[in-house]
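Being a predicted model, the structure only gives us computed values, none of them experimental.
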Amino acid sequence: MIKNAILDPGDQFHIGIVAADFEATVARLTEVLGYEWGPEVGGAVAVDLPGGNVAELDLRCAYSITVPRLEVVRSVAGTLWDPAGEAGVHHIGYWSADVAADAAALAERGYLVEASRPGPQGGLFFAFLRSAEGFRVELVDRAAESSLAQCWAAPPTPGGAA
């Protein structure tokens, strides 16, 4: 890791794509790039927005079983979860041992917090930050790694055989 870097490249675990047409995006990534997918997950989530506003959003996504890992998120109009233009890449997701501290360090370097979610034990569960150039980073509490890994576990084989 580069000395004084905030994030470790080894903690990067997905590239996020926000899709206006979720099914078509997943189908194209499968057809063209050979990606396979875990189940669609998510639902209503209370998200803290700048200025102290809280929004209840329906956030749904699917993670690829295939690596490098992709996350396709259903678009939520009028939020930061709108498609990211023609390029399609919305954010790069990183595990974080301390989301609040890493978010503060990124903020010191000019990143703006666009949304965050409190964690069950206090602190932050996730945070989305955007650079002045428009590049987004999602920080996710490393404590969620084992439960999120279920989202990209290979589907069971027919008959339960391994």
Side-chain angles (χ1 to χ4, degrees), residues 1-22 25-26 29 35 37-38 40-64 66-152:
M1 184 168 137
I2 295 177
K3 188 177 178 179
N4 298 325
I6 296 169
L7 302 176
D8 182 339
D11 289 333
Q12 190 270 322
F13 74 101
H14 75 270
I15 295 173
I17 299 167
V18 174
D21 186 335
F22 179 86
T25 301
V26 168
L29 290 167
Y35 271 84
W37 301 93
E40 184 177 353
V41 297
V45 175
V47 178
D48 295 340
L49 301 173
N53 298 324
V54 177
E56 182 92 6
L57 302 176
D58 185 25
L59 294 177
R60 298 179 184 273
C61 67
Y63 289 94
S64 67
T66 314
V67 291
R69 184 113 29 245
L70 299 179
E71 173 193 36
V72 177
V73 180
R74 285 188 183 273
S75 177
V76 181
T79 72
L80 75 104
W81 290 278
D82 263 334
E86 292 184 27
V89 174
H90 182 265
H91 65 273
I92 297 182
Y94 285 83
W95 297 121
S96 172
D98 187 338
V99 174
D102 287 340
L106 288 170
E108 288 176 10
R109 290 191 172 72
Y111 280 72
L112 300 173
V113 177
E114 292 186 297
S116 62
R117 179 178 180 197
Q121 310 298 322
L124 293 177
F125 177 70
F126 70 69
F128 280 85
L129 297 101
R130 183 177 41 84
S131 72
E133 299 78 28
F135 176 79
R136 280 192 182 99
V137 170
E138 177 189 19
L139 302 171
V140 178
D141 188 336
R142 181 162 306 272
E145 186 173 3
S146 63
S147 61
L148 274 177
Q150 297 172 30
C151 297
W152 53 77

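We find the CD1-CG distance between Ile17 and Leu70 to be 5.0 Å, quoted to the nearest 0.5 Å. Here the CG-CG distance, from Leu80 to Leu112, works out to 12.0 Å after rounding to the nearest 0.5 Å. Rounding to the nearest 0.5 angstrom, the gap separating the CD atom in Glu114 from the CG atom in Asp48 is 14.0 Å. Considering CG of Leu106 and OG of Ser131, their distance stands at 10.0 Å, rounded to 0.5 Å. Within the model, atoms CD1 of Ile92 and CD of Glu138 stand 11.5 Å from one another, a figure rounded to the nearest 0.5 Å. Remark: Phe128 CZ to Ser116 OG distance equals 10.5 Å, nearest 0.5 Å.
What you find for Ile6 and Asp102 is that their closest heavy atoms are CG2-O, 4.2 Å. Of all the heavy atoms in Phe13 and Arg69, the pair that sits closest is O-CB, 3.2 Å. Taking all atoms of both residues into account, the shortest heavy-atom contact from Ala44 to Asp58 is N-OD1, 4.0 Å. When all heavy atoms are compared, the tightest approach of Ala20 to Ser75 is CA-CB, 4.0 Å. Closest heavy-atom contact between Cys61 and Glu71: SG-OE2, 3.5 Å. Between Thr25 and Ala19, the shortest heavy-atom distance links the atoms OG1-CB, 3.2 Å.
Between Val45 and Leu57 the shortest side-chain heavy-atom distance does not fall below 4.5 Å. Counting only heavy atoms from C-beta outward, the side chains of Pro68 and Tyr35 approach each other to under 4.5 Å. In this structure the side chain of Leu139 reaches within 4.5 angstrom of the side chain of Leu7, judged on heavy atoms. Within the 4.5 Å cutoff, the side chain of Val47 has heavy atoms near those of the Leu59 side chain. Val73 has its side chain out of reach of His90: every pair of non-hydrogen atoms, C-beta onward, lies at least 4.5 Å apart.
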- Message: Trp152 vs Val67, test: side chain to side chain contact (heavy atoms under 4.5 Å, CB included). Steps then yes/no.
- Response: CA-CA 10 Å; Trp152 53 77; Val67 291; over 6 Å; no

- Message: Working note: Val72 + Phe22, criterion side chain to side chain contact (heavy atoms under 4.5 Å, CB included); need CA distance, chi angles, decisive distance, verdict.
- Response: CA-CA 7 Å; Val72 177; Phe22 179 86; 3.7 Å; yes

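Remark: the backbone N or O of Arg130 is not paired with any side-chain donor or acceptor of His91 at under 3.5 angstrom. Using modelled atom types, one side-chain atom of Gln12 and one backbone atom of His14 make a donor-acceptor pair closer than 3.5 Å.
Atom CD of Glu56 is surrounded by more than 12 heavy atoms from other residues, nucleotides or ligands within 6.0 Å.
Electrostatic pairing of Asp11 and Arg142 counts as a salt bridge here, judged by a charged N lying under 4.0 Å from a carboxylate O.
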